[in-house]
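Below is one structure, written out as structure tokens; the observations come after it.
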Amino acid sequence: MASTACFVIVSKNDIPIYEAEVGSAPKKEDLSYHHQFILHAALDVVQDLAWTTNAMFLKSVDRFNDLVVSVYVTAGHTRFMLLHDSRSEDGIKSFFQEVHELYIKIFLNPLYLPGSRITSSHFDTKVRALARKYL
Amino acid sequence: MDPLRSYLGRLLLEEITPVVMVLSTPLAEATCRKNGLSFVDMLSPFSLFKKIDVPVRTASEVPYRLQMFKIRMVYASDVRKEDCEVADERIKPVVSEANEKALPDLLSDPPQVEDVLGKPEAELCPLWIKKFNRELMRTLSFSEHETFDHPVACLLVVSSMDKEPVNKFVDLFNTNQLPSLLNEGIMDPQILKHYLVLHDQQEGPQDIAVNVLAEMRSTLGLNDCKLLCINSSTEAGGSNAENSWLPYKALGLNNHDGSCFLSVDDLNEIKDFMQDFVSNHIIPYMEQKIRVLNQQVAQTRKGFRNQIKNLWWRKRDDVPEASNGPMYTFTSIESQIRVLGDFAFMLRDYELALSNYRLLATDYKLDKAWKRFAGVQEMSGLCYFILDQSRKDAEYCMENAFSTYLRIGSSGQRNATRCGLWWAEMLKTRGQYREASNVYFRVSNEEPSLHSAVLLEQAACCYLLSNPPMLRKYGFHLILAGNSYYMSDQKQHAVRVYRNALFVYKQNPWSYINNHVHFNVGRWYGVLGILDVAIKHLLEVIACSHQSLTTQNMFLTDFFHYVQSMGKKFDVYKLQLPVFNMSSLKVIYEDHRTYASDADVSVSESTWQELEEELIPSSSIVRTNWLDTQPMRKYKDSCICVAGEAVKLNVELKNPLQIPVAVSGISLICQLSTTLDALSSDVSGLDLGGGEDKVNTEPSISMFETDGDKFTLSKLDIVLGGGESKRVQLDVTPKVEGILKLVGIRWTLSESVVGYQYFEFDAQKKIKKGKRGPRRSLNNSLVVIKGLPKLTGSIDRMPTKAFAGDLKLLTLNLRNHSEYAVKGIKMKLSSPRFLIPGDSLDIGLEFPDCLKRHMQSESSVVSSKTMKENFKSLLFAFPQDIEIQAGAALSWPIWFHAATPGNISLYISLYYEMGSSSDIKYRTLRMHFNLEVLPSLNVSFSISTSSSRLREYIVRMDVMNKTPSESFVLHQLSCVGGKWAVSALPSCSSINSVGTVSENQAVSYFFKIKDCEADSCKEAESGSCTSDMALCPGSSTDLFDIARSPLADFHYQERYRQGKVAQGPCSLLDFVLISKAVGNSSKPTPDFELLSHHTCHCSSLSQNPIWWLMEGPRTISHDFSKSYCEVNLQLVIHNSEAHKILVRVVTFDVMPEKSQTVHPHDSNSAQGGWYDVSLENDVKAISSSKSTHQEKQSSKSISPYVWCSLSCAQTELQPDSCARVPLKVCIFAPGTYNFSNYELQWKVHPSEGPHVDENEKLLSGGGLGHPFYVTVLQSV
């Protein structure tokens, strides 16, 4: 498992709708804003890159020092962004794919307003379990 | 675009130029000092030639012309590699100088997206950044591995005042004073020497100098000696001299102390000297050197043979790896190639330079001289760039150089930086901004914080310039730059870059980013002393609920720190702490509807309206004529409140932080305009213009405070704990008539910050709300009308919790606070099952004694007021003569009965009319109570018919105590209506002793009830036939009269309610069980005294339409020795049905076997109170004791008796009548007999009418006889 991993789902309006620190490193207050900055800046790259390929998994799109940003773009242009320092691309891909399935389940919920914050604790638990499994 | 015209091209032309080393005597320097300049300073403005137009011929035969040319004049003492720290110190002022310029900028508004995107590159990258870049590159001057900084020529300067000037020249070029580069053999000490005699015109005539020059020419050579005369101007700083300096000032010539003796002639002479020096000496020398070196290189290195040799030689001679490769002296071929390349570069023969650099690169690579290799790569990259040949090659070379420099560690770090800067400039020239910013970012990692800050800022600019602009990257890199600036103590710069990034993060939902940016900007503004802006930014972060406790604390502490250093209270519009939940806003005002408590307001208006339907006069009644309606119409659109009565505003506030927050002085901002003329026009205007109005009034918050004499405001201080939300109620009491406008809320946070917020009234919303009823609308303007009487009301001791059946006498207290009387009071209650108003007589009575039966005469009082068939709600009019005078109070009894368990809401609306005429004719007082009724006793009855008596029933009462801790004493059981008499069973007269039911206990009681009316027996008169029965000892004397008003009324309600649920075929009778609470040791005084449980519509379990009974003697003495015994019996059959019934009685002698097994009552009587007890065994026992021959008979299974007379009889019974069928039995032996061997079969004849409906199944049926025991004794 990666020591640092910050997973964020960004809606198509560039609003983070789900955030989770899934790394094994103890969470630090000052790092969380740092991670947000990196991920937020990486959106610029994703914006360009997303239209150049048919694949949903864009692999690593941006890096900051030793931290890498991997991105997965859904058909609705919701972006799953993972800031990580591990190298296993396959694991990240599987992680993204499984999270996508979870996300679709959330999306199918008639009470969920697309683009609003995901507050489901079930989703959170599942995502963290997936992170432990793949990252 | 011509690469040379680009910024990088110009940079290279200016920076990579021949260096002239200057050696001067102290006296010569002193001469220049008179003008406040050093010698180098004096000459340097003239070292740039914009149009030198010199023909140059290098290695190739074709000459070309140089246009612009520049040389660098450097003192010999400066020709050395600078110390890193010293160099960095020199850079610092460049940054801090820009600092001061940035300060005024910081006070203006931060830039917006449109501004930034429209800016040209030059503005984004201000001049000081370029200066900084240049200074950063210059720190690398005179490095060993590059030769373009190595002096090309040497200028030796001697003053004409010096003694023995020729010897001085020799001394000057003394080897031990020369720079280490020359001494250590890195560069060729045999360089071009030029000799200059400096003559000060003020010191004496020119002749001395001319003599010196002649002497020099003879010894040092004819062409290499020059004379320069300066300071010819006599007066210091003449006006003409000022002017003549002007063109050169821009080139960096600044004399500091104003005194200047240089005349125009002097300057021209200097210029001429420099022109001659460059065009006649330096350039030809370089040309020559290039040609010589080129020839050498061609000889040793060019050609196939040389290449092979070179390779073989290098392979064999494997040099040990040093950090920067082997030492190369100026004589080595590698150094010579490098010099050749650099010279060619400086003379713009880039082709030649490039070919040499490439040649050299392979050599250095083989030698593993990495630093030199990187340097060469760097230069070839630049050559590629200027030649504009292969972009790929250029980039490859630069990248190669960059990474190689980085690889060799700290010694190459700064080189890498320079290489990066060049590389980035190169990419920028080609429009590859994104790559450029990447390079800047990589460079910034290698530099100390100050440098990296500037570099990061440049990286950010590149992101902005890239197409499409990458704003988020721009923001991020600016933030990084800001952090670096802050770390290197450049706060102004830090604030400046953060400010520039603000627009990227404006309205940003990425919470942590937002907080970080605003907090840092705010804090740094605070450090800089710009407190108002600091507070403005800190305000954005103080309501951060997602941060940890420590962070919140830090934010808040800083905020208050700056607020306090501001030294005054200040107003903040829409302060985020605490958060006022504007959707929870509710205005409570009372027009004709008044409320007993605030909780009553939350009840929906429709509930009240439904309740008040019959109570209040319909609107047409109020308007007696059209004139009357005028004032009402005027206020129709707006809400009305009454002067002197508080308008309340409910709002929820929430503390988003985990830290307790003290909020004080929460009050409303109101406006009261009294101009009644403007009223009508204003009312409509206010509704529509609410939005704009707010904008207009926003800045002037203080103006609302002046209205103190028109209304009073309540102030509220609270402390909100972490994450707590509280509902507060704010009052405004208007004192005069007019229009009251609720504008907003103001509050003080921690005694230092005043927050205020205006209500936002959306016009569109208002239309929607208008439909929902005026109470809920957030209309902010209220019409204040003249004071009106107002009643306040409450019910004393109204329980919130009660046990089911609880009966209480409560008091309704009404008080008139105004100075007018009210009259015509009416009251409507929502559920008369729970509350029934008493009458005025009840008020002084003592409960519960008043319910007791005092005298027999009073028992037949029938209350008439409840006989209205309205069970949903109860309208009660107070007597007409009741009027509540000003300041008076009225008490009225109200009976309370907790009818059923559950949560119950009770609504009471009180109507009253004004004593005096006023705008409003009447008002209503609305009261609302929520009640929780707990289950107490569960009472159920089951009634079964008695088989021994007609019209008598056995009643089983099951009482179960459902409470966990209370015990009850059963006091009384009553049957409602005079028809029934209840009494204890004779066999269990001891029932009175078990009157207490303790918690969770279930008790069953058996009673007998009797129909008094039908029987009309004498018992009724004897008094033993009463409808009440005392259940506990000693209570027989004080029984409650259930026919009196409250109990009877409540019973009436219960009967109605339960009638809805009951669905038996016929309802028989109602029971009322009255119980009392027992004060046990733990609870000496229970808060309830009397409970009454009403069970209505109880009916017999028996389903049979007929009811039969054997009558006859029970004991007979007969002398069997004479004859058999004949017993005359009568079967009494009663028809309780409303139809005619045909009954057939069949007797049979043989005992049917099945009679024991098939029990007609089996299914029904399982729960009932009546069971058949078989006495068969007893019969045998008795008979066996009497005589033995009886046994024989019975063993033969012959019936011991024989029915005589008829075996079958048929009668027809009229409805509700009896018939008697005579029967006769013959008995042959003494004993006890059960005459039950008969069967009844009946058939209902439905009377003429459509009554043949639901009880089809009961139309016919049959039943076996009841046991009837007769004991026959042998008479003696």
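Just so it is clear, the model here is predicted, and its values are computed rather than measured. Proteins come first, then strands; the chains are lettered A, B, ... in the order of their sequence lines, and each starts at number 1.
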Heavy-atom check, side chain of [X] versus side chain of [Y], under 4.5 Å:
X        : Y        : value
A:Gln36  : B:Ser511 : yes
A:Tyr33  : B:Asn515 : no
B:Arg434 : A:Asp48  : yes

Atom pair [atom1] ([X]) and [atom2] ([Y]), whose distance is rounded to the nearest 0.5 Å:
X        : Y        : atom1 : atom2 : value
A:His34  : B:Leu480 : NE2   : CG    : 6.0 Å
B:Tyr512 : A:Leu39  : OH    : CG    : 13.5 Å
B:Ile513 : A:Ile38  : CD1   : CD1   : 10.0 Å

Students often mix this up, so state it plainly: with edges at 30° and 60°, are the rings of A:Phe37 and B:Tyr505 parallel, tilted or perpendicular?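 Ring orientation, 0 to 90° scale: perpendicular.
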Could you check whether the rings of A:His40 and B:Trp510 sit parallel, tilted or perpendicular, using 30° and 60° as the cut-offs?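 A:His40 and B:Trp510: perpendicular rings.
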Please check if atom [atom1] in [X] has more than 12 non-hydrogen atoms from other residues, nucleotides or ligands closer than 6.0 Å.
X        : atom1 : value
B:Lys491 : NZ    : yes
B:Lys654 : NZ    : yes
B:Tyr396 : OH    : no

Test of understanding: with salt bridge (Lys or Arg N to Asp or Glu O under 4.0 Å), list the residues that count as partners of A:Glu19, not counting sequence neighbours.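 Only A:Arg117 meet the salt bridge (Lys or Arg N to Asp or Glu O under 4.0 Å) criterion with A:Glu19.
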Which region of B:Asn445, side chain (C-beta onward) or backbone (N, CA, C, O), has a non-hydrogen atom less than 4.5 Å from a non-hydrogen atom of chain A, or is it both or neither?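 Contact with chain A involves the side chain of B:Asn445 alone.
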Determine which pairs satisfy side chain to side chain donor-acceptor pair (under 3.5 Å) with at least one residue from residues 462-471 of chain B, sequence neighbours left out, and list them in order.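 Sorted pair list comes back empty.
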Among the listed options A:Asn13, A:Val10, A:Asp14, A:Asn65, the residue most often paired with chain B at heavy-atom distances under 4.5 Å: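 Answer, by heavy-atom pair count under 4.5 Å with chain B: A:Asp14.
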If the threshold is 4.0 Å, N to carboxylate O, is there a salt bridge linking B:Arg472 and A:Asp44?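 Result for this pair is yes, salt bridge flagged.
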